[in-house]
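Nothing fancy with the numbering, it's 1 onward along the sequence.
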Amino acid sequence: DNFRLEFSKTHLTPWNKKAAKVFARSFIESGEYTSCDKHTIETSFRAHLKTLCSHYREQVRSAHSLPPPQQTIDNRQAAARRARRKTLFDHRVTAAYCHEDLVGYRDIIRDMGPDGMSGDESDTRDGIKCYIIFLDKWRNPAVAPWLRVFDRIFMTTKFNEVNRPKRGNWPRIRVPTTQRNVQREGKPVLGLPRNFYDEAWLSTL
């Protein structure tokens, strides 16, 4: 009943070593187990205690650690948004190269680059994680439906010859917004056809 361990230190402290011997002796004396090898029992106990000590110290560190500053959180979120734009761009380039009807659009997709893709913010709806698309002010909203054709084509690459899903990560669930005020000042991509730009945005230049 008075059996105690030192979780805040290593499993090899004098106290914990003595505890291992006490445990091994009690284990054998209980008569409930077939093993009577005291050395093996002590070794197994110390190995398990090593894991417990490690978990305990990690829990203590987590409990006393300060939350990251807001700037760090903002930087992480911005990096995640950039990564999602890059992934979306890669998917659309793949689509342009896997369907003959999209051959003529390969150059324009490449010219748009990741910055030409719409950004998004993570959200949860009905318990399902999704990403709400926001609109860059510089880009013509009519470009979005055209780009979604590439998304549908890319989805076909996620199935094999017998129409079964392939292994690997699937595209994120992205939800188009119907609110024109959900916009961000994305980095404009230069050199695209004029109809790729928002007329109101062009009038401000």
Colleague: Are Ile73 and Tyr131 connected in a single hydrophobic cluster, I mean Ile/Leu/Val/Met/Phe/Trp/Tyr linked by side-chain heavy atoms less than 4.5 Å apart?
Modeller: no
Colleague: Rounded to the nearest 0.5 Å, what separation is found between the NZ atom of Lys158 and the CG atom of Asn169?
Modeller: 7.0 Å
Colleague: Kindly work out whether a path of hydrophobic side-chain contacts (I/L/V/M/F/W/Y, heavy atoms less than 4.5 Å apart) joins Ile108 to Phe150.
Modeller: yes
Colleague: How far apart are the closest heavy atoms of Trp15 and Glu6, and which atoms are they?
Modeller: CB-OE1, 3.5 Å
Colleague: Can you name the closest pair of heavy atoms from Ser122 and Arg84 and give their distance?
Modeller: N-NH2, 4.3 Å
Colleague: Taking a hydrophobic cluster as the set of Ile, Leu, Val, Met, Phe, Trp and Tyr residues connected by side-chain heavy atoms closer than 4.5 Å, whether directly or through intermediates, do Ile41 and Leu52 fall within one such cluster?
Modeller: yes
Colleague: Would you check, one step at a time, whether the test side-chain contact (heavy atoms from CB on, under 4.5 Å) holds for His55 with Glu58?
Modeller: CA-CA 5 Å; His55 289 174; Glu58 181 61 33; 5.7 Å; no
Colleague: Answer yes or no: is there a side-chain heavy-atom contact under 4.5 Å between Pro114 and Arg82?
Modeller: no
Colleague: Walk me through whether Ile109 and Leu147 qualify under side-chain contact (heavy atoms from CB on, under 4.5 Å).
Modeller: CA-CA 9 Å; Ile109 288 291; Leu147 286 172; 3.7 Å; yes
Colleague: Report yes if some heavy atom in the side chain of Leu5 is under 4.5 Å from a heavy atom in the side chain of Phe45; otherwise report no.
Modeller: yes
Colleague: Just wondering, more than 12 heavy atoms not from Lys9 lying within 6.0 Å of its NZ?
Modeller: no
Colleague: State the OG1-CG distance between Thr204 and Asp198, to the nearest 0.5 angstrom.
Modeller: 9.0 Å
Colleague: Grab the two heavy atoms, one from Arg174 and one from Gly119, that are nearest each other, plus how far apart they are.
Modeller: NH2-O, 3.6 Å
Colleague: Got a second to check how far Leu190's CG is from Asp111's CG, nearest 0.5 Å?
Modeller: 11.5 Å
Colleague: Nearest 0.5 Å please: distance from the CE atom of Met117 over to the CZ atom of Arg85.
Modeller: 9.0 Å
Colleague: Within a radius of less than 6.0 Å around NZ of Lys166, do more than 12 heavy atoms belonging to other residues, nucleotides or ligands occur?
Modeller: yes
Colleague: Step by step, would you call Ile173 with Arg125 a side-chain contact (heavy atoms from CB on, under 4.5 Å)?
Modeller: CA-CA 11 Å; Ile173 299 174; Arg125 296 191 174 184; over 6 Å; no
Colleague: Would you list the pairs meeting side chain to side chain donor-acceptor pair (under 3.5 Å) in which at least one residue belongs to residues 91-110, sequence neighbours left out?
Modeller: Arg92-Asp151, Tyr97-Arg110, Asp107-Arg110
Colleague: Taking the six-membered ring for Trp and the full ring for Phe, Tyr or His, determine whether the centres of Phe159 and Trp170 are under 6.0 Å apart.
Modeller: yes
Colleague: Taking all atoms of both residues into account, what is the closest heavy-atom pair of Asp136 and Ser118, and its distance?
Modeller: OD2-CA, 4.5 Å
Colleague: Check step by step if side-chain contact (heavy atoms from CB on, under 4.5 Å) holds for Phe134 and Arg81.
Modeller: CA-CA 11 Å; Phe134 57 75; Arg81 287 194 295 268; 4.2 Å; yes
Colleague: Donor-acceptor check, side chain of Arg139 to backbone of Gly116, threshold 3.5 angstrom: yes or no?
Modeller: yes
Colleague: Looking at CZ of Phe27 and SG of Cys36, how far apart are the two atoms once the value is rounded to the nearest 0.5 Å?
Modeller: 9.0 Å
Colleague: Any non-hydrogen side-chain atom of Ile153 less than 4.5 Å from a side-chain atom of Leu102?
Modeller: yes
Colleague: Glu42 and salt bridge (Lys or Arg N to Asp or Glu O under 4.0 Å): which partner among Lys17, Lys18, Lys21?
Modeller: Lys21
Colleague: Can you name the ring pair (Phe, Tyr, Trp, His ring centres under 6.0 Å) partners of Phe89, sequence neighbours left out?
Modeller: none
Colleague: If the condition is ring pair (Phe, Tyr, Trp, His ring centres under 6.0 Å), which residues does Phe196 pass it with, not counting sequence neighbours?
Modeller: Trp146
Colleague: Could you state the interatomic distance from CG (Asn16) to CG (Leu12), rounded to the nearest 0.5 Å?
Modeller: 8.0 Å
Colleague: Using the rule side chain to side chain contact (heavy atoms under 4.5 Å, CB included), only one of Leu192, Leu205, Asn140 pairs with Tyr197; which is it?
Modeller: Leu192
Colleague: Going hydrophobic residue to hydrophobic residue with side-chain gaps under 4.5 angstrom, can you get from Trp138 over to Val143?
Modeller: yes
Colleague: With clusters defined by side-chain heavy atoms of hydrophobic residues (ILVMFWY) lying less than 4.5 Å apart, directly or transitively, does Val93 cluster with Leu88?
Modeller: yes
Colleague: Salt bridge or not for Glu199 and Arg194, using N-O below 4.0 Å?
Modeller: yes
Colleague: Do other residues, nucleotides or ligands put more than 12 heavy atoms under 6.0 Å from Arg61 CZ?
Modeller: yes
